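Worksheet: one structure, shown below.
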Amino acid sequence: MTVRVYALNCGTLEFERRSFFPESEHGVAMRVPVPAFLIVHPKGKVLFDTGIHADGFRDPIAHFGKALAAYFKFYCGAGEGVVAQLRLLGLDPGDITHVVNSHLHFDHCGCNALFTRAEIFVQGVEMRATRVARDADRRPDRDWDRPLNYRLLEGEHDLFGDGKLVVVPTPGHTVGHQSLRVEAGSGMRLCLTGDACYTQEHLERDLLPSGGAVFNAGEMRHSLGLLRRMRDREGMSLIFGHDAVQLQALRCAPEAFA
Ligand SMILES: [Zn+2]
Ligand SMILES: [Zn+2]
C-alpha cells in the first residue's frame, strides 16, 4: 500500500475579489473552492483541513455573526462537504487518524468537532493566538474550541517518521500557519500550501492578499519564497489553498490525484 492523495470538495465561498487581489475594484465578486485533502498512508488516514461547519452553510449569521456573514456567501452543493466527500471513499469521520489544520480560520477547521478519534495537529502559536487575534471574527470558537485530541506543534513535524508526510511552518497569513509536504506513491512530490498561497497567480506575481488576510507581510512573503523554492529547486507540485482553475483540473474524490 502506498501513499495516495485525494482532493475533497468542501463547498465554495464568494466575496469581494479585492480581498484576494488588492488592485481589484470595489464591488467585484469572486467565488473560490474550499478544499480539504485526504492522504492515505499505510499507517494512517490523514485529513489536511476540515472545511466549513455545516451550520455555517445553513445559518451563517447564527454561526459566524453578522459581520462575517455579510462579507462572505457560503455555498455547499449536494455531495459537497467533508463528510459527504469521505463517504465517496467509503470512509466515516471515525476512520480518520490524523487531522492537520493549516490554520484556524473557519474554512479550514470548521468540521474539527467530527474528528473525535483523530490527533489534530496545529502549531502552538496558532492555537494560543485564536482568542486574541486581530482576525478573531474568522475563528468562531464553535469551530475549534472543543475537547478534541489537539497536539500542538512547535515547528516542523514528520507525521510518520518516514519523510512521506511532513508538516512545515509557513507563517504570515496567520501567526502559526502550516503547510504539508507529501511524497505520494505515484512518485509525485507535492506541497499542500493552504492559505500561505491562495492561487498560482499569487505565487507568480509574488502578490500578497489585502491587509485583512495578512498577519505579517514579511513572514508571508518569506513563506511564498519557501514554497517557490520547493517548486523550482525540488520539483515539487504546489497545490494552492483556493485556486479554482487548479482544483478544477485535479482529479477529485473518489479518484486519487497523486
Ligand atoms: Zn485563512
Ligand atoms: Zn482559506
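Note that the structure is predicted; figures quoted are calculated from it, not measured.
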Student check: side-chain heavy atoms of [X] and [Y] closer than 4.5 Å:
X	Y	value
His177	Ser102	yes
Thr116	Leu114	no
Leu192	Ile39	yes
Leu38	Leu89	yes
Val99	Val122	no
Thr174	Leu104	no
Leu159	Val100	yes
Asp49	Asn101	yes

Steps toward side-chain contact (heavy atoms from CB on, under 4.5 Å) verdict (Arg146, Asn112): CA-CA 9 Å; Arg146 310 267 184 157; Asn112 275 16; over 6 Å; no
Quick check: closest heavy atoms across [X] and [Y], and the distance to 0.1 Å?
X	Y	value
Val3	Pro42	CG2-CD, 4.3 Å
Leu226	Pro169	CD2-O, 4.0 Å
Ser19	Pro209	O-CB, 3.3 Å
Cys10	Gly51	CB-CA, 4.2 Å
Ala253	Leu8	CB-CD2, 3.7 Å
Met236	Leu190	CE-O, 3.2 Å

side-chain contact (heavy atoms from CB on, under 4.5 Å) between Leu180 and Leu165: does it pass, once the steps are laid out? CA-CA 7 Å; Leu180 183 65; Leu165 277 84; 4.3 Å; yes
In terms of hydrophobic clusters joined by side-chain contacts under 4.5 Å, are [X] and [Y] together?
X	Y	value
Phe37	Val166	no
Val82	Leu247	no
Leu203	Val168	yes
Leu227	Phe215	no
Met230	Met220	yes

Is Glu234 atom CD crowded by more than 12 heavy atoms from other residues, nucleotides or ligands, each under 6.0 Å away?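 Counting neighbours around CD of Glu234, more than 12 heavy atoms of other residues, nucleotides or ligands fall under 6.0 Å, so yes.
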How long is the gap from [atom1] on [X] to [atom2] on [Y], to the nearest 0.5 Å?
X	Y	atom1	atom2	result
Gln246	Glu201	CD	CD	13.5 Å
Thr50	Phe115	OG1	CZ	6.5 Å
Arg189	Leu238	CZ	CG	11.5 Å
Glu154	Leu152	CD	CG	7.0 Å
Ser223	Leu208	OG	CG	10.0 Å
His53	Asp59	NE2	CG	12.0 Å

Is the closest basic N to carboxylate O distance between [X] and [Y] below 4.0 Å?
X	Y	value
Glu23	Arg205	yes
Glu183	Arg4	no
Arg142	Asp55	yes
Lys73	Glu16	no
Arg138	Asp135	no
Arg181	Glu156	no
Arg117	Asp95	no

Just by distance, with hydrogens left out, do [X] and [Y] show a side-chain donor and acceptor under 3.5 Å apart?
X	Y	value
Ser210	Arg18	no
His63	Asp143	yes
Thr170	Gln178	no
His202	Asp243	no

Heavy-atom donor-acceptor pair, [X] side chain to [Y] backbone, under 3.5 Å:
X	Y	value
Gln123	Gly155	yes
Thr97	Gly44	no
His41	Lys43	yes
Arg251	Ala256	yes
Arg17	Glu25	no
Asn216	Glu219	yes
Asp158	Gly163	yes
Asn9	Gly11	yes
Ser179	Thr193	yes

Show your working on side-chain contact (heavy atoms from CB on, under 4.5 Å) between Val175 and Glu126 and close with a plain yes or no. CA-CA 6 Å; Val175 63; Glu126 180 75 8; 4.0 Å; yes
For residues 119-147, pull every pair meeting ring pair (Phe, Tyr, Trp, His ring centres under 6.0 Å), keeping only residues two or more places apart or in separate chains.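 Ring pair (Phe, Tyr, Trp, His ring centres under 6.0 Å) check on residues 119-147 returns His98-Phe121, Phe121-His157.
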Would you mind listing every salt bridge (Lys or Arg N to Asp or Glu O under 4.0 Å) that reaches into residues 74-86, with sequence neighbours excluded?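 Listed once each, the pairs would be none.
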Assess whether salt bridge (charged side-chain N to carboxylate O under 4.0 Å, His left out) is satisfied between Glu119 and Lys45, documenting all intermediate values. CA-CA 11 Å; Glu119 268 193 293; Lys45 294 186 174 64; over 6 Å; no
Using 30° and 60° as the class limits, which term best fits the ring planes of His173 and His103: parallel, tilted or perpendicular?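 Perpendicular: the ring planes of His173 and His103 meet at over 60°.
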So Leu224 and Asp206, side-chain contact (heavy atoms from CB on, under 4.5 Å) or not? Walk me through it. CA-CA 7 Å; Leu224 266 184; Asp206 199 24; 3.6 Å; yes
Answer yes if the ring centres of His108 and His242 are under 6.0 angstrom apart, and no otherwise.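 Yes, close enough.
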Clusters formed by hydrophobic residues whose side-chain heavy atoms approach within less than 4.5 Å: which one holds Val34, and what are its other members?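 Via sub-4.5 Å side-chain contacts, Val34 links to Leu13, Phe15, Phe20, Phe21, Met30, Val32, Ile52, Phe57, Phe64, Leu68, Tyr71, Phe72, Phe74, Phe106, Tyr198, Leu207.
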